[in-house]
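Convention: sequence-line order gives letters A, B, ...; per-chain numbering from 1.
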Amino acid sequence: MASLGLSEEVKFKSTSGKDAMSLIDFVGTLRTAPFQEFGKEQRPDVRIAGRFMGQRGPFAKLQDSDGKMQLYMKKGTIGTDETEQSLNDSLVKLLHIGDFIGVEGFLFSTQTGEVTLHVQKLTFLGKSLRNLPIVKTDKEGNVHDAFTDPELRYRQRYVDLVVNPHVREAFIKRTKMYNSIREFLNEKGYLEVETPILQPLYGGAAARPFKTHHNTLDMTLYLRIANELYLKRLIVGGFDGVYEFSKDFRNEGMSRFHNPEFTQIELYVAYKDYEWMMNLVEEMLEKVAIDTNGTTKLQVGDNLIDFKRPWKRFSMYEAIEHFTGIDISEMDENELRATAKQLHVPIDESMGKGKLIDEIFGEKCEAQLIQPTFITDYPVEMSPLAKKHRTKEGLVERFEAICNGKEICNSFSELNDPIDQRERFESQLELGKRGDDEAMVLDEDFLRALEYGMPPTAGLGIGMDRLAMVMTNSNSIQDVLFFPQMKPESKPVPEAEAEGE
RNA sequence: GAUCCGGUAGCUCAGCUGGUAGAGCAUUUGACUUUUAAUCAAAGGGUCCCGGGUUCGAACCCCGGCCGGAUCACCA
């Protein structure tokens with residue numbers, strides 16, 4: 001904590017007559033970025049504002065949202081008369097790392113060639129009472145005293161963002177990713193929509209929900225686990241293409257790939273199928289890679305991943321045969337069970353045919369798919385909302401894109417046969433009765449919507465956090481969420497409370 | 001939920017076999033008005049995560065707990 005009292009600082013400011021420059025003057029005025037390409041000649045009347053980030057002799061660093069700029073604050077030169085100069089010299093001595101100041105002066109290039117603002121006017125704008133961790137980088141690019149403790153970084157993201165430029169860059173990339181997708185979909189004429197987060201029935205995925213209660217209606221509501229069923233209602237309503245960036249909530253385990261709240265984009269387009277959607281995904285994610293990183297080739301961990309079209313496509317059976325040498329396409333449940341055992345895939349007795357196939361794939365194939373790859377044609381048991389395959393018995397028209405060993409999207413030709421959909425829900429209910437707590441619940445209103453008729457539709461869901469991890473080369477979902485979920489800090493009981501009321 | 005690792009100054013970390021709590025940066029004061037992580041000098045700064053236990057003596061050993069990370073499990 002700074003020993004300099006805040007009141008002292010404020011008093012100083014109020015007596016120094018430095019309010020002449022209004023705050024408005026710093027809003028929307030020049031930032032540091034335009035000056036980084038500065039040449040040799042001086043450039044007058046430059047005004048910037050930001051955090052004071054330390055001083056050595058007359059040279060100081062100012063940091064704003066674009067980066068850092070050097071200031072030259074020579075004693076006795078800031079201000080128009082001696083009184084002001086003397087006050088400013090005192091103010092400079094009182095500055096603390098993290099304080100906000102506004103400065104005005106002329107730009108010049110120092111002996112070492114660094115673009116520097118020679119400060120002629122100085123305005124105090126805000127006080128920092130806490131010591132920011134000082135991260136320094138030397139000529140070789142080595143980082144000293146980095147602010148690295150993950151717990152502190154996540155709990156105090158504001159500090160992380162101030163002192164770790166790579167962190168803010170990752171979040172800027174995340175936003176670019178959203179913008180890129182919006183631009184792509186809007187250009188195709190699809191409508192960005194919003195649907196309920198509080199839902200009386202949770203559907204569209206298999207997951208345990210968060211449950212809450214509405215007082216006035218006196219009813220249970222769930223935080224959505226997906227928005228699929230609502231977007232399809234909109235397709236029934238006549239929109240040709242709708243999408244939503246959807247914050248979804250799943251009351252399940254946490255890991256470096258799972259946060260209880262996360263974001264998916266879901267897209268539904270009428271009169272299309274999953275083949276068409278595969279092409280859209282390739283085109284869109286290639287663009288996203290370029291828009292976020294300037295290239296289709298991204299270094300992710302140890303892997304160089306190339307989003308350039310076209311991507312490899314495997315059916316799930318082909319993928320399993322490719323990685324295990326076993327053709328399971330004609331096997332019944334008992335043969336699949338034997339095969340899983342032979343491959344040392346952990347299984348249990350409750351697993352049906354579809355689950356066994358999915359398990360073999362997940363265990364033997366998924367992690368080995370590094371380059372973006374489409375896996376198509378999933379078992380019908382795993383996909384109660386997907387349309388049955390037009391030629392392959394027991395399968396649905398579904399694909400996932402796998403990248404860096406993880407699923408990044410899921411898509412199918414949507415089931416638009418209301419009778420089939422009712423049967424699928426009913427078999428989900430059967431699974432539920434047999435103890436599958438992930439089985440979907442039957443949504444009568446959704447079925448009613450389908451009964452009015454839904455055009456053939458292609459649907460897509462992309463895990464935005466997973467995609468952001470790839471696009472920013474992040475190892476944990478926490479690195480692409482500003483405020484990842486954490487347990488509360490344990491606080492010592494304040495003394496006032498300990499003394500009683 | 002399981003296993004492993006970690007928690008010491010604002011930050012990054014040392015701390016040996018259990019024996020007075022340490023460094024660098026940051027902060028404060030003074031000098032310096034210069035450059036480019038780190039000028040010099042001095043000073044201040046600690047619930048060693050919490051609670052028990054063992055011991056003459058615990059940051060260190062033991063037990064329990066809290067928080068975090070990794071891996072696994074779970075999660076289509």
Between atom CE in Met440(A) and atom P in rA76(B), what is the gap in whole Å?
-> 9 Å

Table of protein N/O atoms under 3.5 Å from nucleotides 69-72 of chain B N/O atoms:
unit_1	atom_1	unit_2	atom_2	d
rG69(B)	OP1	Gln478(A)	OE1	2.5
rG69(B)	OP1	Gln478(A)	NE2	3.1
rU71(B)	OP1	Arg256(A)	NE	2.9
rU71(B)	OP1	Arg256(A)	NH2	3.4
rU71(B)	OP2	Arg256(A)	NE	3.0

Sorted by chain and number, sequence neighbours left out, salt bridge (charged side-chain N to carboxylate O under 4.0 Å, His left out) with Asp145(A) holds for none

Residue-phosphate contact under 4.0 Å: Lys487(A) side-chain N/O, rC67(B) OP1/OP2 | yes

With ring-ring contact (aromatic ring centres under 6.0 Å, His included) as the test, would you mind laying out the steps for Phe171(A) and Phe482(A) before giving the verdict?
-> CA-CA 8 Å; Phe171(A) 285 103; Phe482(A) 274 127; 4.0 Å; yes

Lys93(A) or Glu252(A): which one's nearest nucleotide on RNA chain B is closer to the 5' end?
-> Lys93(A)

Mind listing the N/O atom pairs, protein and nucleotides 32-35 of chain B, below 3.5 Å?
unit_1	atom_1	unit_2	atom_2	d
rU33(B)	O2'	Lys74(A)	NZ	3.1
rU33(B)	O2	Pro58(A)	N	3.1
rU34(B)	O4	Gly57(A)	N	3.4
rU35(B)	O2'	Arg56(A)	NH1	2.8
rU35(B)	N3	Gln70(A)	OE1	2.9
rU35(B)	N3	Gln70(A)	NE2	3.0
rU35(B)	O4	Gln70(A)	NE2	2.2
rU35(B)	O4	Thr110(A)	OG1	3.1

What interatomic distance, in whole Å, is found between C1' of rG18(B) and the corresponding atom of rA23(B)?
-> 23 Å

If only side-chain N and O atoms of Lys136(A) are considered, is one of them under 4.0 Å from the OP1 or OP2 phosphate oxygen of rU36(B)?
-> no

Does Lys406(A) make a cation-pi contact with Phe257(A) (under 6.0 Å, within 45 degrees of the axis)?
-> yes

In Watson-Crick or G-U wobble terms, both distances under 3.5 Å, what is the partner of rC60(B)?
-> none

With sequence neighbours excluded, what pairs up with Met254(A) under the side-chain contact (heavy atoms from CB on, under 4.5 Å) test?
-> Asn259(A), Pro260(A), Gln485(A)

Which part of the nucleic acid, if any, lies within reach of Asp149(A) when heavy atoms closer than 4.0 Å are counted: base, sugar-phosphate only, or nothing?
-> sugar-phosphate

Could you name each residue pair satisfying salt bridge (charged side-chain N to carboxylate O under 4.0 Å, His left out) that touches residues 105-115 of chain A, not counting sequence neighbours?
-> Lys61(A)-Glu114(A)

P atom, rG68(B) versus rG22(B): distance in rounded Å?
-> 32 Å

Protein and nucleotides 22-24 of chain B: nitrogen or oxygen contacts under 3.5 angstrom:
unit_1	atom_1	unit_2	atom_2	d
rG24(B)	N2	Asp145(A)	OD1	3.0

Phe483(A): partners by ring-ring contact (aromatic ring centres under 6.0 Å, His included), with sequence neighbours left out | none

Between atom CD1 in Ile477(A) and atom P in rC74(B), what is the gap in whole Å?
-> 19 Å

Determine the Euclidean distance between corresponding P atoms of rU55(B) and rG7(B); express it in Å to zero decimal places.
-> 27 Å

Could you tell me which nucleotide pairs with rA70(B) by Watson-Crick or G-U wobble geometry, both distances under 3.5 Å, or answer none if nothing does?
-> rU3(B)

Non-neighbouring partners of Arg256(A) that pass salt bridge (charged side-chain N to carboxylate O under 4.0 Å, His left out), sequence neighbours left out = none

Inter-nucleotide C1' distance (rC25(B), rG44(B)), Å rounded | 16 Å

Measure from the side chain of Ile97(A), starting at C-beta and using heavy atoms only, and say which of rC11(B), rC75(B), rA26(B) lies closest.
-> rA26(B)

All side-chain contact (heavy atoms from CB on, under 4.5 Å) counterparts of Thr148(A), not counting sequence neighbours | Ala146(A)

Answer for the Watson-Crick or wobble partner of rU12(B), both distances under 3.5 Å, is rA23(B)

Taking atom C1' in both rA37(B) and rA26(B), compute the distance separating them and give it to the nearest angstrom.
-> 13 Å

At under 4.0 Å between heavy atoms, what does Thr148(A) touch on the DNA or RNA strands: base, sugar-phosphate, or nothing?
-> sugar-phosphate

Value in whole Å for how far the C1' atom of rG45(B) lies from CZ of Arg130(A) = 15 Å

Take atom P in rG45(B) and the same atom in rA2(B), then report the distance between them in whole Å.
-> 43 Å

Partner set under side-chain contact (heavy atoms from CB on, under 4.5 Å) for Tyr72(A), not counting sequence neighbours = Pro58(A), Phe59(A), Lys74(A), Phe108(A), Thr116(A), His118(A)

Pairwise P distance, rG6(B) and rU17(B) [rounded to whole Å] = 15 Å

Could you tell me the separation between the CG atom of Asp479(A) and the P atom of rG68(B), rounded to a whole number of Å?
-> 16 Å

Between atom CD in Glu359(A) and atom C1' in rC75(B), what is the gap in whole Å?
-> 11 Å

Could you tell me whether Tyr274(A) and Phe412(A) have their ring centroids closer than 6.0 angstrom?
-> no

Whole-Å gap separating C1' (rG1(B)) and CZ (Arg208(A)) | 11 Å

Expressed in angstrom and rounded to an integer, what is the separation of Ile347(A) atom CD1 from rA76(B) atom P?
-> 19 Å

Separation of the P atoms in rG46(B) and rC4(B), to the nearest angstrom = 35 Å

When Glu397(A) is tested against each of Lys387(A), His389(A), Arg390(A) for side-chain hydrogen bond (donor to acceptor under 3.5 Å, both in side chains), which residue passes?
-> Arg390(A)

From the options rA26(B), rA76(B), rG68(B), select the nucleotide whose nearest atom is closest to the side chain of Arg155(A).
-> rG68(B)

Base, sugar-phosphate, or nothing: which does Pro484(A) touch, judged by heavy atoms less than 4.0 Å apart?
-> nothing

To the nearest angstrom, the CG-P distance between Asp248(A) and rA76(B) comes to 13 Å

Who are the side-chain contact (heavy atoms from CB on, under 4.5 Å) partners of His322(A), not counting sequence neighbours?
-> Phe314(A)

If each of Glu400(A) and Ile134(A) is mapped to the nucleotide of RNA chain B with the nearest heavy atom, which maps nearer the 5' terminus, i.e. the 5' end?
-> Ile134(A)

Above 12 or not: heavy atoms from other molecules or residues under 6.0 Å from CD of Gln299(A)?
-> yes

Searching all strands shown, indicate the nucleotide that pairs with rC40(B) (Watson-Crick or G-U wobble; both distances under 3.5 Å).
-> rG30(B)

Can you name the residues that form a salt bridge (charged side-chain N to carboxylate O under 4.0 Å, His left out) with Glu266(A), not counting sequence neighbours?
-> none

